Each structure stands twice: as structure tokens, then as C-alpha cells.
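These values consider heavy atoms only, across backbone and side chains, with no hydrogens, waters or symmetry-generated copies. None of these values were measured; they are calculated from a predicted model.
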Number of protein chains: 2
Amino acid sequence: MQMSPIMVPRRLYQAAPPVAPRTADTDGVRLIGVTLTVARDQEVFGEGEPADQVYKVVRGAVRGFRVLSDGRRQICDFYLPGDVFGIEPGCEHRASAEALTDTVLIVARRSSLGEDTDPTAARRLWGLAMADLQRSQDHALTLGRRSASERVASFLVDMANRLGASEMLELPMSRQDIADYLGLTIETVSRTLTQLQVSGLIKLAGCRSIHLRKPRALADLCA
Amino acid sequence: MQMSPIMVPRRLYQAAPPVAPRTADTDGVRLIGVTLTVARDQEVFGEGEPADQVYKVVRGAVRGFRVLSDGRRQICDFYLPGDVFGIEPGCEHRASAEALTDTVLIVARRSSLGEDTDPTAARRLWGLAMADLQRSQDHALTLGRRSASERVASFLVDMANRLGASEMLELPMSRQDIADYLGLTIETVSRTLTQLQVSGLIKLAGCRSIHLRKPRALADLCA
DNA sequence: GGCGCGGATTGATCAAGATCAAGGCAGCCT
DNA sequence: AGGCTGCCTTGATCTTGATCAATCCGCGCC
């Protein structure tokens, strides 16, 4: 089942999600720019390319990742509707980004954000970057110290929060993407989801939609 | 062997380290504030405390970390002489910080950085935060996808770069700290270092000083 | 509706690293 | 100097998650 764009939540931001929110402001950063449509699995930008543009997800979803020389891939983050990505410290991208599904983006030149002239824009951008840092450190905690079931449970809880889904979760990504985000293999992710279903915490309904039957218990599992 | 403050390198910044540098500017952010001495293992700040101050390491070293409810610890980063830390998106710290050895810090109120008024200060702060984000994402790649020996090798290479040690490396942290940074156990770190020594890549000389005999081979091991 | 394809699940086995358990060593204190 | 204490190292065994190998299933297409 391919996720249809219609199912993406309308509200771009939730009120105070329990896990590190992506922006400091509730209504995020306004981007003025061209809209760009990217087909599933198409590259938005690649490692080493010049980083003079920033992107905001309108519909769909994006994976940001790095790869080792032998092809091992680590997904650093998923970008969901409302998220801004592509801001880098230097002049070139140190990660790659690809669309998970057919995706609509707004693209703006970095310079158009007015970070030098507009203190409000600068502060928003700052909040954005710091929230990303928080998320990345949370992610490091998960990758370094949590077990497979804790990783999968926290992934589901985080996704539910970010997608604004209280119980019915429509995932935009494949099992392989989840595995590469959580530092596991696809088999382990699959087995863990099956176990969670057997324990009655979730119900799998087609491989990309998951019913969170006991969200509280799931959150407790995250340790 | 306790590391003496005298052994800390004088130069606060290296020229262009190969791994993500901590600051965009070569001479970093100037902090005007009070100096603070923190004894080994003493807390600089704790999770949940108000984050209205920033810190710069003068001598010694600091670990920044998060803990799970059951005590598992993930060290997010080590802060070495010249590094600035303690900047947070919100008003409270989401991580804790403790001195690794007897440490001297400069403390400044966050507001004194003049990020709102001085565009240069703002840009430096920005570079700092983005470099931290890069480092954190590198760290996630290591934790998610690298083997134990790759983790240890990349740790040694990174430390050598940051401490400005070309071959003789004086580590300010214990094996347990290294393990908690790399998402391994203390036994695995110890065994891996022994293996590296047997392979002739390093020579252990007292448990906190390591001679990198084949830095190039070590770097190749990082994958 | 039937077929085929690609991702997902499941099973069997393997191995990297964790855990449990002793020693060893260095620095420190008296 | 001697002993003590706290890390560090080493060894034996166990467990978790990886790997290898079939299916299975859902979906799109004919």
C-alpha cells in the first residue's frame, strides 16, 4: 500500500509533542520559494553538493542519511510535513536526502531566509537547528544504549507524535528505512514488530499501517 | 595515572582537523566571564537545570551525557580545551555535564554573548551549533553502523585530531567513559585496544596514554 | 481473476559483543 | 616500603541480533 498524499495530516505542527519538537515556534519557519515535486526514491540532494538551498516538506516525506564506503547506511532523520531540512554549517551537504514517497517540497535559497538582517528569522532558524541537535542526541542515546525492542517502540511513539496520529499510524517508509534509522537489520525490525503484535501492543494492518493498541505500554517500553 | 593539567596542549584549536571541526572560525568564540574550577567527576550542570549559562573549556575535559531511567548512560560528546558547551534550544538542559579530570572553565551568561545585537557573535554561535550537529550525526553513524573495532579506531583518530596529538595521545577519560561514548562495554573497549596493540597499530603506555604507531592504518580501519 | 514482482515475514544457524568472574597492575596513602 | 583501592585486563560462557535461506503476501498488471 502506497501512502496517498491525502492521508498526510493537515496541521503542520502538533502542540507540544513529548519528544524533542523540531521547531521552537509553533508555526515554524516560513519559506518563500518554488515548490518542487520529487518522485519516490529520487534524490533531493547528495553528499558533497553545494548547500545553498533549504527545503520544507509540504507533502510526503524525506530521509536524510549518510553512508560508509562499503555501503552501510545510517538514516539520520526522517523529514515529515512541516519539517525544514538541508541547512548545513559549511557550503556543502554532509548528508544525502531522498524522497520516501512522492513528495512536494518548498525550496528557498538559503540567503533568502534573511538570517543576517532579520533577527526573528535568525532566532527561528536557531531554534530549528538546536531542535535538530536535540533529536540527533536522542537518536545517539537510542543507537548506543537501547535494545531492539526499545528502539522499535520508541520509533513508533516518536512517529505517532510527529505525524499527529494518536493510534492509527501510516508510515511513509519501508522496513529497510526503519532498520537503517534504528541501526538494526530489516529482519530484526520485522520480528520485533511481530512480537509487539503478539504482545497485543500493536496491530499490523498492511505493512505500512500500524494500529497502536496500547500507546502507554509502548511508551513504557522505551525505557 | 591521573592526567596532570600541564599535559593539556597549549594550542586551543588545530588547523582544519579532518573530522567535523567544532567551530567554523579557527579562533572560536570569545567568552567573557568568570573562571570556574571543577574537580574530577563533579557536575557542571544536570539535566533539567536552567540553561542560562555557557561554558568554555580552558584546561581539563568534560563529558556531556544522557541517562536512561535504569541508569544506562550515553555520552553524547567530550568537550576538550577550546570547546564551548552548554548551549541549549530551550531554557533547561537536556543533558548533564561532568568534569573528566580537574577542569578549568570560563562561564558566561548566555545573554552576554550578544547574539541578538552582534551579527558576528551570532554567526559564530551558529557555526558552533551546526558543527555540534555534524558531530552528533557522525556519532549516530558510528553507533548505528560501525563494528567495535571501527568505533575504537575512529575514536582514537578523532581524539588525536582534537587534542592535536600526532602520535602520542593522552586521554583524559576512563575506559568506562570511552565505552559509554561508543555504545560498548568496558570489556569490549579494553579487548579491542589490546587487539590493536597486538596488530601493531598502537602501543599502550599506561592506560591513559596511547602511542599511535600507524595512524594511517588506524584511519583506514574506520571504514 | 490469475500472474508476477518486490518487499515482508519466518525459520535456522552463526557470531559479535555482553555478561559473569577472576586476576593484575598502578598509583596512592600511611 | 608495603599494602590497599580502584581501574584495567583477561578468560569463559551466554545472549542478542546478524546472517543465510526460504516462503509469504499484497499489490499492480495483464
- line: Going 5' to 3' through nucleotides 13-20 of chain C and flagging B where a protein heavy-atom sits under 4.0 Å of the base, S where only the sugar-phosphate is that close, and - otherwise, we get ----SSBB
message: Taking the minimum atom-to-atom distance to the side chain of Thr194(B), which one of dT10(D), dA8(C), dC8(D) wins?
response: dT10(D)
message: What is the separation between atom CE on Met173(B) and atom C1' on dC7(D), rounded to the nearest whole Å?
response: 16 Å
- prompt: For Gln137(A) and Gln74(B), does a side-chain donor sit closer than 3.5 Å to a side-chain acceptor?
  reply: no
Contacts under 3.5 angstrom, residues 213-223 of chain B side chains, donor-acceptor by atom type, not counting sequence neighbours:
none

Cationic N near anionic O, under 4.0 Å, Arg63(B) to Asp41(B): yes
query: When the distance from CD1 of Ile186(A) to P of dG17(D) is rounded to whole Å, what number comes out?
result: 17 Å
- prompt: Rounding to a whole Å, what distance do you find between Leu196(B):CG and dT10(D):P?
  reply: 13 Å
query: How about Asp180(A) and Gln176(A): does a side-chain donor come under 3.5 Å of a side-chain acceptor?
result: yes
- prompt: Given Arg175(A) and Leu193(A), is the side chain to side chain contact (heavy atoms under 4.5 Å, CB included) satisfied, shown in steps?
  reply: CA-CA 10 Å; Arg175(A) 294 289 186 269; Leu193(A) 286 170; 3.5 Å; yes
salt_bridge(Arg135(A), Asp83(A)) N-O dist < 4.0 Å: no
Value in whole Å for how far the C1' atom of dT9(C) lies from CZ of Arg208(A): 16 Å
message: Can you confirm whether Val57(B) sits close enough to Leu105(B) that some side-chain heavy atom of one is under 4.5 Å from a side-chain heavy atom of the other?
response: yes
- prompt: Rounded to whole angstrom units, what separation is found between the CZ atom of Arg175(A) and the P atom of dG6(C)?
  reply: 19 Å
statement: Between CZ of Arg40(B) and P of dG6(D) the distance, given in whole Å, is 12 Å
statement: note: Leu204(B), atom CG; dC25(C), atom P; distance rounded to Å ~ 14 Å
message: Quick check on contacts: within residues 65-76 of chain B, what sits under 4.0 Å from DNA chain C by heavy-atom distance?
response: none
- request: Indicate yes or no: does Arg59(B) engage Asp102(B) in a salt bridge with an N to O separation below 4.0 Å.
  value: no
- request: Could you pull out all residues at least two apart from Phe65(B) that satisfy ring-ring contact (aromatic ring centres under 6.0 Å, His included)?
  value: none
List the atom pairs, donor and acceptor, that lie under 3.5 Å between side-chain atoms in residues 43-53 of chain B and the rest of the protein, sequence neighbours left out.
residue  : atom : partner   : partner atom : Å
Glu49(B) : OE1  : Gly46(B)  : N            : 3.3
Glu49(B) : OE2  : Gly46(B)  : N            : 3.4
Asp52(B) : OD2  : Arg109(B) : NH2          : 3.4
Gln53(B) : OE1  : Tyr55(B)  : OH           : 3.4

query: Ile178(B) CD1 to dC7(D) P: how many Å, rounded?
result: 14 Å
Cationic N near anionic O, under 4.0 Å, Arg73(A) to Asp177(A): yes
- request: Return the angle between end axes of the helix from dG1(C)-dC30(D) to dT30(C)-dA1(D), with five pairs used per end and rounding to 10°.
  value: 30°
